[in-house]
Amino acid sequence: MKKIFEISKWEFLEKVRTKAFILSLIITPALVILISIGGTLISSTEEESTKMIGILDPSMSYYYPLLQNLQNYTIEKGKPAYIVLNLNQTTNSLEQNIKDADSEVIENKLSGYVLIQKFSPDSISVEYRSKSVGNFKDVQRVEDAIEEVRIDLSLSKLGVNPDLLKSSLKKINISEITIKEGSKAHKADFITEFLSSIIFIMLLLMMIIYSGQMLVRSLVEEKSNRLIEILVSSCSPEELLAGKILGLSALGLFQRLIWASIGIALAGSAMIPSSAFSNAAIMLVYFILGFLFYTALFVGIGSIVTTEQEAQQITSYLSLMLVLPIAISASAISNPDSVLVQVLSYIPFTLPAIMLLKINVIDVPTPEIITTVGIMILSIYITIIAASKIFRIGILSYGKKPGLKELISWIWEK
Amino acid sequence: MLVVKKLTKIYKNVTAVNDLSFTVNEGKIFGLLGPNGAGKTTTIRTVLNIIKPTSGEISFFDQSITRNFLNEIGYLPEDRGLYKKSRVNEIILYFASLKNMPHTKARKQSDYWLNKLEIKQYKDRRIEELSKGNQQKVQFIISIIHNPRLLILDEPFSGFDPINQQIIRETILSFVNEGKLIILSTHMMDIAERMCSDILLLNKGKEVVSGSLSQLKKNFGANMVELGFEGNIDAIKNLSYVKSIDNYNNYAEIQLNDSIEPYVFLRDVANKMKVNHFRIIEPTLNKIFIDMIKQSN
C-alpha cells in the first residue's frame, strides 16, 4: 500500500508541476469563455458608437413612426443607437434624392439609409442601402419597426385598436412536467436536461481522454527509457498500475476542480440551474465507473505499445467509442426508450454515458440501475484483471505489437 | 548466497534459458557473460522476480526468492534513461521510497552518494541538463541507494569515460569488501577478466562453461605464446603443431599443441623471421569467450 501511495504521489506531483498542465488549467477555461461569450462580445462592439441612419420616404407616412421606433434603441450610458435623418428633400425629384443619399453613404456621412417606396396603397418596397451587407441587427430592427408600423396603419384604417391585436398575438410557452414515481411533479426543461447531461458526459469524456493519454504516455516513456525495469524490480506490476491510475485520476479530478472553481467564480451558478443536478449522486457513480473502466482499458492497451505514435493511434480509437453516445445524445434524450438506447445502455463501452443521459430525462427504475451498475462493476473487474496480466508482460516486451491471439495467451498465463 | 537451480524459461516456442544452474557467493563478483541474445537479461529478470521461470528454483540465503526480497536487490539495467524533466535529488528519493527506505535515511544516503560520485552540485538540476555520464551516475545511485544485499549490474561501465569508470569500479570493489552479492553482466571481457572471480558463459540459453576464472584458464589448457615479429605470418601457419593464430599484424597470439614445448616453437620461427619479442601467456578471457562460443555454435 505504501508503494502505491508513493507512486501516485510521484505521478501527481511530477505532472502537476509541468508547464503543460499549468497552461491547461488556464487555457481550457479561457477557450470556453472565449467561445461562449465571444459572440456577444463581437456583436456588442458593433454597437459601440452611435450610427447615422437616413430615411428616405417620399410619402412621409412611415417616417415618424419609424423614427420613434428607432430612437428607442440605446447603447451604453443611455446614448442613442441611431441618429435618424430625414433625407426627403421635397424640392428634388426622387431620383435626385436617391443619388444624394447614395453619395452620402459612400462618403461615410451615413452608415446607411432606408428607402421606402409606395407603389399602391397596399404595396410598398423597402430597401436598406449601405456600403456593406451584414448589418443584420440594423436591418432586423428596421424590418421589425416597419412591420409594426404597417400593421398599425392598416388596422387603424379599419378602426381596430392595435394593442388588442398585440395581446392576442402573444406567444404561449408550454412548460413540460415529468411525473416521477413517488415524488412531486418536477418542472423539466429540455435544454436544462440536455445541458446537464451533456456537461457530465463531456467531463467524463475529457477526463478519460486526458488521464488515459497521460497514462499511456508515461508508460511509453518508462518503456522507452527502460525505467519500467527498475520500477518493477522495486514494486509489483499491480502496485505500479494502481499507483499510476490513482495518481493520474487525482490529477484529472484536480484539473476539473480548478476549472469548476473558475467557472463558478466567473459565471456564478447562473449557467445551469442546480435542479439539474438533483441526480448528482447516482450520476457520480456512473461517472466514476465509466472512468475506471476506460482507464483499465487504456492501461492494458497502453502497455503493449512501444512508441508515441502507436499510443496516439490507439487512444484515438478508444476516444471514438466515447464519442458515440454524444453523437446520439439529442435523440436519446427525446426518445430514451428506443431500442438502440436500450441496447447501448447495457454495453459497458457506452453504458456510463447513456445512463448519464437517461437518468436526467426519465425516472430510471431501480432494478435497471442495479443491473447496469452490476454490469459495470463486473466489466471493470474483468478488465482490470486482464489489463494487469497484459501489463505484466506487455511492459517488458518491445518491438512488434502482439496480435490478439498472443494477447489472449498473456491473459491466461499464470 | 544466491543459488539458481535448473532454471528454464520458455516463451511460446522459444527457449530463452535452458536448464541453468549457478551459485553467487558473497564477497565475489559473479560474471554473467555471453553474446547478444544468449539469455542474460532473461536470467536477470527471473532472479529479479520480474518474470516467472517456466521451471527451476531460485533461492536467496536459503529462502525461495519472492517479491519480499525486492527491497534487498539493486538493479542497474543495460539500457538507461530517467525522467528527463525531473530533478536529480527527487528522482533518487522516489526510487528510494519504492525500496521502502525511510525518508530521512534516504536523504542522507542520497547526499552521501552524490558527494562520493562527484555530482553533488547537480542535486537540484533537471536530468536533461546533465551530461550522459552524470545521468548514468544518477542511475547508479538509484540502484545502490538502499544498500542492497544483491546487486545486479548490467554493463555498468558503458558510457563512462576512463576517470568515471575508475570511480565506479572502486565503488563496486568496496561493495565486494562489504560482502555483497554482485552479478556483473558485460560484453567487456577485459573488465570481466579483471573483476570477476567466478563466471558463467551463456550461449543460446545454455551454459557453455562456468566456474572460477583461474580454474577456467587452467582447464582451457592453452599452450599459448605471444610473438612480436617482422615478416610473413604464413611461415608460422605452416608449422604442424600450431593450433590457431590471432594475428594483430605486429604481433600474434599463437596457440600450440599441448605436446609441444614453447621453446621448440621459438627455435623454429627464429630461423624464418625476425622475432622482436616472445612471451608465454595465459589465455585471455576474450580468447576463451570467442573460442567457446564458436565451439558451441
Side-chain angles (χ1 to χ4, degrees), chain A residues 1-21 217-240 243-244 247 306 389 391-398 400 402-403 405-410 412-414, chain B residues 10-13 41-42 44-52 54 66-87 90-103 106 126-128 135 138-143 145-146 148 150-152 154:
Chain A
M1 267 323 272
K2 189 183 163 284
K3 288 185 180 178
I4 295 179
F5 171 72
E6 291 290 349
I7 294 166
S8 52
K9 190 173 94 182
W10 172 263
E11 293 289 338
F12 182 84
L13 289 178
E14 277 300 293
K15 300 285 176 335
V16 94
R17 285 183 299 187
T18 57
K19 280 193 203 99
F21 184 81
R217 202 171 298 155
S218 89
L219 279 174
V220 168
E221 188 195 355
E222 281 162 2
K223 257 176 97 164
S224 66
N225 61 23
R226 304 298 203 262
L227 266 176
I228 200 91
E229 303 198 16
I230 305 181
L231 286 169
V232 290
S233 67
S234 307
C235 63
S236 72
E238 289 77 14
E239 283 172 321
L240 181 62
K244 277 184 178 297
T306 335
K389 296 252 174 152
F391 183 77
R392 235 193 122 96
I393 302 175
I395 49 175
L396 294 173
S397 50
Y398 299 92
K400 197 182 147 288
K405 224 169 119 191
E406 202 172 330
L407 277 186
I408 291 168
S409 77
W410 288 4
W412 295 117
E413 191 160 317
K414 62 167 177 51
Chain B
I10 301 170
Y11 291 112
K12 279 192 298 179
N13 35 32
T41 308
T42 306
I44 290 173
R45 283 178 178 174
T46 49
V47 171
L48 286 169
N49 221 344
I50 298 177
I51 54 175
K52 286 195 179 117
T54 311
T66 58
R67 300 212 143 263
N68 298 336
F69 290 109
L70 282 184
N71 299 338
E72 305 197 34
I73 302 177
Y75 175 41
L76 181 70
E78 181 183 357
D79 296 292
R80 278 154 229 172
L82 288 164
Y83 303 107
K84 296 249 174 309
K85 305 274 175 204
S86 306
R87 294 180 196 280
E90 288 172 359
I91 208 165
I92 293 174
L93 294 181
Y94 172 51
F95 281 100
S97 77
L98 288 184
K99 294 287 186 185
N100 272 350
M101 223 183 156
H103 193 69
R126 289 183 197 281
I127 293 294
E128 60 189 355
Q135 290 188 18
V138 174
Q139 249 153 349
F140 187 74
I141 295 177
I142 286 172
S143 63
I145 182 147
H146 55 295
L150 168 63
L151 188 56
I152 301 177
D154 201 344

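Here is how names work: the chains are called A, B, and so on, in the same order as the sequence lines, proteins then strands, and each is numbered from 1. Quantities reported herein were computed from a predicted structural model and do not represent experimental measurements.
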Taking atom CZ of A:F5 as the centre, report whether more than 12 heavy atoms of other residues, nucleotides or ligands fall under 6.0 Å from it.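 Open: at most 12 neighbouring heavy atoms sit under 6.0 Å from CZ of A:F5.
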Run the numbers on B:E90 and A:E14 for side-chain contact (heavy atoms from CB on, under 4.5 Å), then give the verdict. CA-CA 10 Å; B:E90 288 172 359; A:E14 277 300 293; 3.9 Å; yes
Spacing of [atom1] belonging to [X] relative to [atom2] belonging to [Y], to within rounding of 0.5 Å:
{"X": "B:N100", "Y": "A:S234", "atom1": "CG", "atom2": "OG", "answer": "10.0 Å"}
{"X": "B:S97", "Y": "A:K2", "atom1": "OG", "atom2": "NZ", "answer": "5.5 Å"}
{"X": "A:E6", "Y": "B:M101", "atom1": "CD", "atom2": "CE", "answer": "12.5 Å"}
{"X": "B:I50", "Y": "A:S236", "atom1": "CD1", "atom2": "OG", "answer": "12.0 Å"}

Would you say the side chain of B:S143 lies within less than 4.5 Å of the side chain of A:I230, judging by non-hydrogen atoms?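 Contact flag for A:I230/B:S143 side chains = no.
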Hey, does B:Y83 have a side-chain heavy atom less than 4.5 Å from the side chain of A:E222?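 When only atoms from C-beta onward are counted, B:Y83 and A:E222 do touch, with a gap below 4.5 Å.
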For each of B:L76, B:N49, B:I142, B:L82, tally heavy-atom pairs with chain A at distances under 4.5 Å, and name the one with the top tally.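 Heavy-atom pairs under 4.5 Å are most numerous for B:L82.
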Just do the ring pair (Phe, Tyr, Trp, His ring centres under 6.0 Å) check on A:W10 and B:F95 with the steps written out, would you? CA-CA 10 Å; A:W10 172 263; B:F95 281 100; 7.2 Å; no
What part of A:L13 is in contact with chain B, defined as an atom under 4.5 angstrom from a non-hydrogen atom: side chain, backbone, both or neither?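 Neither part.
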Hey, mind stepping through B:Y75 and A:E229 against side-chain hydrogen bond (donor to acceptor under 3.5 Å, both in side chains) and telling me if it holds? CA-CA 9 Å; B:Y75 175 41; A:E229 303 198 16; 3.1 Å; yes
